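Reading through the structure tokens given below for one structure.
None of the values given here were measured: they were computed from a predicted structure.
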Protein chains: 2
Amino acid sequence: MIQARLMGRVTIEDVAERAGVSVATVDRVLNSRATVRPRNAARVEAAIRALNYQPDRLAARLARQRSYRFCFVLPRGGNIFMRDLATEIESHARHLAGERVSADILYTDIFDPEALSASLLSVSGKYDGVALVALDHPRVREAIQHIASHGAEVVTLVSDAPGAARSHFVGIENAAAGRTAATLLGRYLGGRRGKIGIIAGSLALRDHAERHFGFAQVIAAEYRDLSLLPVQEGRDNPERSMELAAGMIAREGDLVGIYNIGAGTEGIIEALQSSGRSRDIVFVAHELNEITRHALLDGAVDVVIAQDPGHEARSAMRVLMARCDKAAIIAAQERISVDIFVKDNLP
Amino acid sequence: MIQARLMGRVTIEDVAERAGVSVATVDRVLNSRATVRPRNAARVEAAIRALNYQPDRLAARLARQRSYRFCFVLPRGGNIFMRDLATEIESHARHLAGERVSADILYTDIFDPEALSASLLSVSGKYDGVALVALDHPRVREAIQHIASHGAEVVTLVSDAPGAARSHFVGIENAAAGRTAATLLGRYLGGRRGKIGIIAGSLALRDHAERHFGFAQVIAAEYRDLSLLPVQEGRDNPERSMELAAGMIAREGDLVGIYNIGAGTEGIIEALQSSGRSRDIVFVAHELNEITRHALLDGAVDVVIAQDPGHEARSAMRVLMARCDKAAIIAAQERISVDIFVKDNLP
DNA sequence: CTGAAAGCGCTTACAG
DNA sequence: CTGAAAGCGCTTACAG
């Protein structure tokens, strides 16, 4: 130990010498690349242990000349969050250019199973790793299977397809996000009695459905004084969401809260503000961006539940790189958290 | 561009060839290592641009043979959070052993300026980087200055010393954490009127003082129905905190909330539960650990404000490595967020 | 099943 | 001010 520190780093050469074999043989047992005579394998392993040898990851990557060609499949014409995600992907890809990483972005209609699976098939075989905002559909699972069986690593991003051959999901637990929204809305209402309006993009989206499920579960179990209006689908569209919100505000005199599961938050803010009942109705929305940040400071939105697109972009690339290298990931580092923002803890 | 992709990676050799110089000269302009004839420098820069050359970071680190010897200075006999932090540092140091990183931990009495500065001076000159849980005191600033002027990079961790020669602070904005606690406590009380008890470890600790400041500021400005009891100092000790909490619960009939700025949360939970007023008093505490996690699920604690010790350990090492290499950091990745946890978004 | 040797893309003395 | 050459610690054909 003291030897090792004084003598500098322990190299594969030191291990080879001590085991009485060549570095190639050490490499073979280290990376289980080829069969090594058991006796030699044992001697190598003993030497590794005796010297507390740690292979130099940098040297290995350099020698291997491995490059990482990644493709990110994102929704075409996405909402603010998806645009932020694309920006983060581009920015981090630039950052990783010095580590042989390149990332293309392919925009497609992720809500159309045929279009999405066609896009996936079109990139199959061309990349080392693919990250996609998934739709949970047999056709899509099939396309993911195709990519994976052609040697690429696949991760889902933001929206998962649980049954599919993806090796990892980079995103939040959406049911937990919905429960979190419910608890904060419920506690902010502090025993007030009334109705809660819910607007989703579309309940056909797995993440929206899961948030709704979690939200409804907590309200039903813990806030008996609150009742849920039927979910309205705003298609993540501000105008449509505004009309839906304006409608419920006008119809329901005892509307005390609104939960926006998807995008289009600016429309709902507009409806709240022009109704004059903004102060009175607790409003919980998703994702932190220019609009929701401003609205939190304004008081138009009370709580934002969020996932960090920068973290997701970096995590997707780290996970894909690790999978390509068959290396382990740091689970805690790659966990995407359900973030809560109020006006006081904004970044 | 297409050339570059077809031909594989652009190397320093390609740049040298195109510029009509040797690789050593390219290296000189790349790293501004020595004076290069302006004409040659210009040709090199032109070649870099023309070929869109990106130096290979891995090869550079390998050739440089740089190692990173870090020292983490932590409080001896610290609370749960500090123990978690130490665990995370050890675990991440093990992870980075394959990248020539080693990290020692030195435990000392960080609350005693003399002891802390003596510890700092004892490691000065022996490491490439030092991360310390700081105390904001002239003696400590002086010791930090000493380490920095002997060539080591210094970052503060969790607790900052703003005037000092540290190049970065790895931790949260504590005033924001206090404001966040106040907003959630205020909103959870939903207009109820009464007194708020505050327990701190010690207001001599900068982070505790800042949290208190932020908390008081928001309550004063936004929650006129709530009034603050004088801060009690529990020294982060569960027994003492229990007595303080029990005292205020007994004395103040209209106690509606408690904010624990520091550690010792288990003591306050005990006081609340044995008083039978746990359900009635909103309790906000700091840091997520076995105790507070359990208490959130129990309902004994309503909200936890936290910083992630795993993120802090990883960030401190990344920042120290970057500073040693004179490389840029990714600001968003190194920002430590003020996390909010309720029972529903626990990791 | 094993080893000698070349090579990955940089950096670093050293000589000029 | 500049370049030829060795070296960082691995991996990879290739020959045996």
Side-chain angles (χ1 to χ4, degrees), chain A residues 4 7-45 47-48 51-68 96-101 324-327, chain B residues 4 7-45 47-48 51-68 96-101 324-327:
Chain A
M7 306 296 288
R9 199 177 167 75
V10 179
T11 70
I12 194 171
E13 203 110 26
D14 302 327
V15 176
E17 194 179 344
R18 174 151 186 150
V21 298
S22 74
V23 296
T25 296
V26 176
D27 176 68
R28 285 182 188 107
V29 347
L30 227 46
N31 298 295
S32 36
R33 239 183 265 291
T35 33
V36 171
R37 199 144 42 110
R39 185 186 123 87
N40 278 343
R43 298 186 60 165
V44 168
E45 271 154 16
I48 288 174
L51 299 173
N52 185 227
Y53 169 63
Q54 300 264 20
D56 185 314
R57 263 203 288 276
L58 304 177
R61 276 177 63 186
L62 177 62
R64 238 173 282 203
Q65 289 195 79
R66 216 209 182 300
S67 65
Y68 306 86
L96 288 180
E99 298 185 27
R100 315 168 110 77
V101 175
C324 287
D325 293 342
K326 271 120 191 59
Chain B
M7 308 295 289
R9 199 175 167 77
V10 179
T11 69
I12 195 172
E13 202 111 25
D14 302 328
V15 175
E17 194 178 344
R18 175 152 185 149
V21 298
S22 74
V23 295
T25 295
V26 176
D27 176 68
R28 286 184 187 104
V29 347
L30 227 46
N31 299 294
S32 37
R33 239 182 266 290
T35 32
V36 171
R37 197 141 46 106
R39 185 186 125 85
N40 279 343
R43 298 186 61 165
V44 168
E45 271 154 16
I48 287 174
L51 299 173
N52 183 228
Y53 169 63
Q54 299 265 19
D56 185 313
R57 263 201 288 277
L58 304 177
R61 276 177 63 186
L62 178 62
R64 240 174 280 205
Q65 290 195 78
R66 221 217 178 293
S67 65
Y68 307 86
L96 289 180
E99 298 185 26
R100 315 166 110 76
V101 174
C324 287
D325 292 342
K326 273 121 190 55

Report summary line: Comparing B:Leu62 with B:Arg28, nearest DNA chain C nucleotide closer to 5' gives the residue B:Leu62
Query raised in the report: Is there a side-chain contact between B:Leu30 and B:Tyr53 (heavy atoms, below 4.5 Å)?
Result: yes
**Report entry** Inter-residue atom distance B:Leu51.CG - B:Ile12.CD1, 0.5 Å rounding
**Finding:** 12.0 Å
Report task. Please answer whether the main-chain N or O of B:Arg66 pairs with a side-chain N or O of B:Arg100 as donor and acceptor at a distance below 3.5 Å. Result -> yes
**Report entry** A:Val10 and A:Asn52, any side-chain heavy atoms less than 4.5 Å apart
**Finding:** no
Requested in this report: Please figure out whether B:Ala24 or B:Ala63 has its closest DNA chain D nucleotide nearer the 5' end.
Outcome: B:Ala24
Query - Given DNA chain C, 5'-ward residue of the pair B:Ala59 and B:Arg33, judged by closest heavy atom - result: B:Ala59
**Report entry** CG-CG distance between B:Asp56 and A:Leu58, expressed to the nearest 0.5 angstrom
**Finding:** 10.0 Å
Query raised in the report: Quick one: does A:Ser67's side chain get under 4.5 Å of B:Arg9's, heavy atoms only?
Result: no
Which atom pairs, one a donor and one an acceptor, fall under 3.5 Å between side chains of residues 17-27 of chain A and the rest of the protein, sequence neighbours left out?
from    : atom 1 : to      : atom 2 : distance (Å)
A:Ser22 : OG     : A:Ala24 : N      : 3.3
A:Ser22 : OG     : A:Thr25 : N      : 3.4
A:Asp27 : OD1    : A:Asn31 : ND2    : 2.9
A:Asp27 : OD1    : A:Arg33 : NH2    : 3.1
A:Asp27 : OD2    : A:Arg33 : NE     : 2.7
A:Asp27 : OD2    : A:Arg33 : NH2    : 3.4

Report task. Would you indicate what B:Asp27 reaches in the nucleic acid, counting non-hydrogen atoms under 4.0 angstrom: base, sugar-phosphate, or nothing? Result -> base
Query - Separation of A:Gln54 CD from A:Ile48 CD1 (nearest 0.5 Å) - result: 10.5 Å
Query raised in the report: Does anyone know the first and last nucleotide of DNA chain C in reach of chain A, 5' to 3', at under 4.0 angstrom to a heavy atom?
Result: C:dC1 to C:dG9
**Report entry** Per-nucleotide pairing state of DNA chain C [Watson-Crick or G-U, under 3.5 Å; [ ] pseudoknot-crossing; | other strand]
**Finding:** |||.||||||||.|||
